[in-house]
Structure formats: C-alpha cells, structure tokens
Trainee: 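Here's a structure for you.
Labels below follow one simple rule: chain letters A, B, ... track the order of the sequence lines, proteins then strands, and each chain is numbered from 1.
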Amino acid sequence: MIWKIVLFLLIAFVSIAGITFPIVAKPEHWYEFPLIMGLGENAKIIFFHVPTAWLTVIAFLMSTVYSIKYLRNKDLVDDIKAHSAAQLGMVFCILATITGAVWAKFAWGSYWSWDPRQTSIFALLLIYGALFALRSAVEVEEKRAALSAVYSIIAFVTVPFFIFIMPRIMRGLHPGSADDTNAGTVVNFKMNGNMQLIFFLSLIGFTILYYWMWYVGYKSMLYKEKLNKQYH
Amino acid sequence: MSSYALFKKDLASELRTRYAINSLVMFIVVTISVILFSIGNEKISDFLSGGLFWVVIFFSAMSGLSRAFVSEEERGTTLTLQLIASPTTIFSGKLLFNLILVFAMNIVIALLYSALFEAFVIKNLSLFLYAFILGNIGIAIASTLIASIIAKASSKGTLYPVLSFPILLPLMLTLIDLTKQAMDTTTFSSSYVELAILGCYDVVMIAVSFMLFDFIWKD
C-alpha cells in the first residue's frame with residue numbers, strides 16, 4: 001500500500017512540475033528550467049514522451065527475456081508474463097507515437113515526416129501488431145507460446161538496427177539525431193540539474209507504474225487461465 | 001540425410017510441378033505491369049524508380065518464399081523430415097533452396113526492371129551489386145525463418161507479409177538508401193556504413209535462425 005501512495009505522489013509531482021515550471025533564459029530559482037535552443041516550451045514533452053518511449057523498449061526487453069525463459073523451461077507462466085509485457089508495450093508504443101506526433105506538429109510543422117525515430121517507433125508498432133496476429137493464428141497453447149517466443153526474439157535482434165543505428169546514419173529532425181546542432185546528441189542533453197532530476201523522477205515513476213500494471217496484468221491472466229481450466 | 005540432399009529433393013519436386021517458379025514469374029510480370037500502368041505517360045524521378053524496384057522484390061519474395069515449409073506441412077511430410085534429419089540440416093537445406101530462388105527471382109526482376117524503366121539507371125554498378133548480393137542473402141535468411149514459423153500457424157497466406165515486413169524493414173530501408181547512392185554517385189566512400197549494416201544484418205539473422213529453428217521445428 002505504502003508504495004502505491006509514494007508512486008501517486010511521485011507521478012503527481014512530476015506531472016505538476018513538468019507542466020507548470022517556467023522555462024527561462026537564465027534559470028536562477030530551483031523551479032526554473034533552462035531554455036534549450038530550437039526547442040523552447042516544446043522541451044517539456046521530455047517528461048512524458050521519453051518515459052513512454054523508454055517503457056516501450058523496456059516492455060519489449062522484458063517480453064523477450066521471458067520468451068527466452070519460456071524456451072528454456074517450457075513453463076507457460078513465463079509465456080503469460082511475456083504476453084502481458086507485450087500488451088503493455090503496445091499501449092505505451094501507441095502513447096509514444098501519439099505524443100510524439102502531436103509534439104512534431106508544433107515543433108516541425110507536421111504530424112508525421114518519416115524521421116528515423118518515427119520510422120523506428122512505427123516498426124515497433126508493426127512488430128507488436130505482428131506478434132498479436134501470430135498469437136491469434138495458433139490454436140495449441142504450447143505451440144503458440146513457442147512460436148510467439150521465437151518471433152519476439154527475432155524481432156528483438158532487429159530493434160538495435162532501428163533504435164541505435166538508423167537514427168544515427170539517416171538525416172533526422174528528432175533531438176539527438178546525427179546532424180542535430182541545436183540540442184546536441186541525446187547523451188549530453190542541455191538540461192540543468194533540476195530538469196534532469198524531474199526527468200529521472202519521471203522515468204522512475206513511469207517504470208514503477210509499468211511494473212505494477214504488468215504485475216496486475218499477468219496475475220489476472222493467470223487467474224483467468226485457472227478459472228477456464230476449472231470450469232471447462 | 002545431408003542438407004544438399006534435401007536441397008536436391010526440393011529442386012526435383014519443384015522442377016516436376018514448377019509451382020513456385022510459375023507463380024513467381026507471373027507475379028513479377030503482374031507487379032511490374034501494374035506499376036507501369038499506374039505510371040502511364042508520367043515521368044517518374046530516378047530515386048522513385050529505385051525505391052519501386054525494392055517494392056517489386058519485397059512482394060515477389062512474399063508471394064513465393066513461404067512455399068519452402070508450407071509445402072511440407074500440406075503434403076504431410078514434416079514428421080518424416082523430423083525423423084530422418086536434424087533441424088540444422090533441414091534449415092540449411094531449405095535456406096539453400098530459397099537462396100537460389102531469391103537470386104534467380106531478383107536477377108530476373110533486375111533485368112526486366114532496367115529494360116522497362118528508363119529512369120532506372122545505376123551509375124555505380126559495383127556498389128549496387130554488393131548491396132544486391134548482401135540484400136538477397138538477408139531476404140532469403142529472414143524469409144526462410146518466417147516461413148518456418150507461419151507453416152505452423154493457421155492463416156498461412158495473410159500472416160506471411162505481416163510477420164516478415166517488420167523483420168525485413170531495416171534491410172529494405174538500407175537497400176533503398178544504397179540504391180539511391182548507387183544511382184547518385186560513383187564513389188564508394190560514403191556507403192561503407194550502409195554496406196556494413198547489411199553485412200551485420202545477414203550475420204545476425206543467420207545466427208538467430210540456427211539458434212531458434214530447433215524450437216520452431218520440434219513439436
């Protein structure tokens with residue numbers, strides 16, 4: 001119970017701080033964010049968009065890890081865990097795509113411009129969609145678990161091509177692209193201390209939220225399976 | 001049973017029925033003529049024709065390459081194969097057959113395409129050839145692996161492009177980019193990264209295929 005309250009307070013603080021703290025040219029107080037050239041007020045999306053994109057990848061990673069575990073142990077609980085993670089990954093992937101597209105409308109002038117990062121999030125959406133299509137096409141439980149585990153591992157090895165290589169070799173508009181002169185690369189984002197603090201608090205808060213949702217999701221799927229087996 | 005024997009068996013049964021070859025040739029003709037009709041008398045740009053080239057290749061691959069494993073399921077010979085050969089042998093045999101098929105198919109497409117499209121002029125032929133060879137290998141590996149997955153699923157025809165597209169997307173994007181570069185310049189220096197990506201993709205895919213095929217193949 002206590003960590004749910006902590007999570008609530010954390011997310012509430014991050015939401016309020018992320019939206020209301022002003023952006024000024026020379027931050028003097030602890031509640032002021034620095035101005036990043038070329039981003040301005042648009043920079044605030046980092047507190048909400050980046051965590052959803054981060055969770056998309058984390059959910060995919062977890063799904064793959066449980067897929068590998070399933071292939072090793074053939075334990076159907078691992079398959080349910082992987083499936084639950086993939087479902088959440090799809091939700092966060094849609095959120096990241098939509099928040100990114102809305103942001104792009106204001107920052108770049110159009111909702112969609114096939115920036116390398118937009119291409120990669122689109123590919124992730126396709127991968128998740130294909131994974132669910134595959135799951136619904138196989139009837140036998142063990143076969144379904146094995147095939148979707150194999151597919152998510154194959155898809156996982158192609159993700160580095162999208163996330164790490166493509167945005168760096170292709171010309172892009174996204175902050176952190178190879179030819180971005182305003183914001184610089186992702187690693188040395190021009191954030192000051194408090195902006196970084198709220199950014200990382202947001203990452204932590206969203207990650208805990210994801211873990212909680214994943215836990216509830218896989219437990220409920222597990223109970224559904226048990227009830228199905230009892231009454232049929 | 002060696003993988004070469006499996007390849008010879010596939011080749012013999014293919015030459016007897018000519019199912020994949022006939023449908024592939026017709027598919028290529030249909031796809032290219034649809035593109036030609038839709039262009040009509042319009043003048044298309046060089047880069048667009050380079051991109052459309054890979055569209056033709058992708059959909060032709062999607063129409064023909066799933067046969068490798070689906071035909072075994074349909075004829076009910078999967079269990080026999082499981083008894084007489086190890087999964088690695090079977091995968092390399094099927095991969096060999098699909099490699100030959102992809103290369104034959106894509107060479108036909110390339111020749112037809114460059115004859116029919118005036119805008120499709122490659123300046124840097126050796127760069128294009130490197131990209132073509134590495135790309136064909138990647139397409140063959142990935143589509144053979146996906147074919148083995150969908151052979152076990154119920155909706156075989158529609159699922160194949162759905163599952164293959166996200167896996168082939170990094171390869172396709174790099175190939176389209178390289179084709180543009182081969183049409184644009186005659187130098188090599190700016191294309192090493194892309195060629196390296198193609199090489200990495202092929203190596204990663206072949207490693208993953210041999211590691212995971214056991215789990216797909218064994219019931």
Side-chain angles (χ1 to χ4, degrees), chain A residues 60 64 67-74 79 93 114-116 118-140 142-172 178, chain B residues 138 141-174 176-178 180-181 190-219:
Chain A
F60 198 24
T64 312
S67 296
I68 295 170
K69 268 179 100 171
Y70 173 78
L71 290 180
R72 288 174 74 99
N73 307 324
K74 303 283 176 190
D79 174 58
C93 194
W114 293 113
D115 175 79
Q118 287 179 326
T119 313
S120 33
I121 200 92
F122 175 68
L124 266 178
L125 264 180
L126 284 179
I127 288 172
Y128 279 125
L131 200 57
F132 294 128
L134 177 65
R135 284 192 80 90
S136 58
V138 187
E139 304 278 313
V140 189
E142 281 81 16
K143 202 75 221 168
R144 178 174 64 207
L147 289 184
S148 56
V150 166
Y151 187 75
S152 64
I153 295 169
I154 304 169
F156 188 76
V157 297
T158 63
V159 164
F161 286 97
F162 289 115
I163 293 181
F164 299 111
I165 299 173
M166 292 304 256
R168 275 163 186 72
I169 61 157
M170 283 165 72
R171 295 182 63 80
Chain B
I141 299 167
S143 51
T144 311
L145 187 60
I146 304 291
S148 70
I149 291 181
I150 63 137
K152 307 279 180 190
S154 54
S155 58
K156 296 178 174 62
T158 46
L159 208 56
Y160 192 46
V162 171
L163 291 192
S164 305
F165 184 66
I167 309 296
L168 284 176
L169 194 57
L171 188 73
M172 283 292 160
L173 289 175
T174 322
I176 290 170
D177 203 40
L178 271 174
K180 271 184 195 170
Q181 288 177 9
S190 58
S191 317
Y192 284 127
V193 185
E194 277 85 352
L195 284 175
I197 289 176
L198 288 186
C200 286
Y201 183 90
D202 292 357
V203 172
V204 165
M205 271 299 148
I206 200 146
V208 168
S209 304
F210 278 105
M211 273 159 66
L212 293 177
F213 185 67
D214 286 21
F215 298 108
I216 306 169
W217 187 243
K218 282 183 188 152
D219 280 302

Trainee: Of all of B:Leu163, B:Val208, B:Val162, which one pairs up most often with chain A through heavy atoms under 4.5 Å apart?
Mentor: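 The answer is B:Leu163.
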Trainee: Is there side-chain contact between B:Leu212 and A:Tyr151, with heavy atoms separated by less than 4.5 Å?
Mentor: no
Trainee: Between B:Leu159 and chain A, which part of the residue has a heavy atom less than 4.5 Å away: side chain, backbone, both or neither?
Mentor: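 Looking at B:Leu159, just its side chain touches chain A.
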Trainee: Going by ring-ring contact (aromatic ring centres under 6.0 Å, His included), B:Phe213 matches just one of B:Phe215, B:Trp217, B:Phe210. Which one?
Mentor: B:Trp217
Trainee: Less than 4.5 Å to any heavy atom of chain A: does that hold for the side chain of B:Leu171, its backbone, both, or neither?
Mentor: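 For B:Leu171, neither part sits under 4.5 Å from chain A.
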Trainee: Heavy-atom distances under 4.5 Å only: say whether B:Ile150 touches chain A with side chain, backbone, both or neither.
Mentor: neither
Trainee: Between B:Tyr201 and B:Ile167, is any pair of side-chain heavy atoms under 4.5 Å apart?
Mentor: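 Answer yes - side chains close enough.
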Trainee: Non-hydrogen atoms of chain A under 4.5 Å away: do they reach the side chain of B:Met205, the backbone, both or neither?
Mentor: side chain
Trainee: If you look at every heavy atom in B:Cys200 and A:Phe161, which pair is closest and at what distance?
Mentor: C-CZ, 4.0 Å
Trainee: Can you tell me which of A:Leu71, A:Val150, A:Ile153 forms the most heavy-atom pairs within a distance under 4.5 Å of chain B?
Mentor: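 The residue among A:Leu71, A:Val150, A:Ile153 with the greatest pair count is A:Leu71.
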Trainee: Decide yes or no for B:Leu178 and B:Leu198: does some side-chain heavy atom of the first lie under 4.5 Å from some side-chain heavy atom of the second?
Mentor: yes
Trainee: Taking A:Val138, A:Ile154, A:Leu126 one by one, which has the highest count of heavy-atom pairs under 4.5 Å against chain B?
Mentor: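 Result: the option with the highest number of such pairs is A:Ile154.
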Trainee: Using 0.5 Å steps for rounding, measure from the OG atom of A:Ser120 to the CG atom of A:Leu125.
Mentor: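 Going from the OG atom of A:Ser120 to the CG atom of A:Leu125 covers 11.0 Å.
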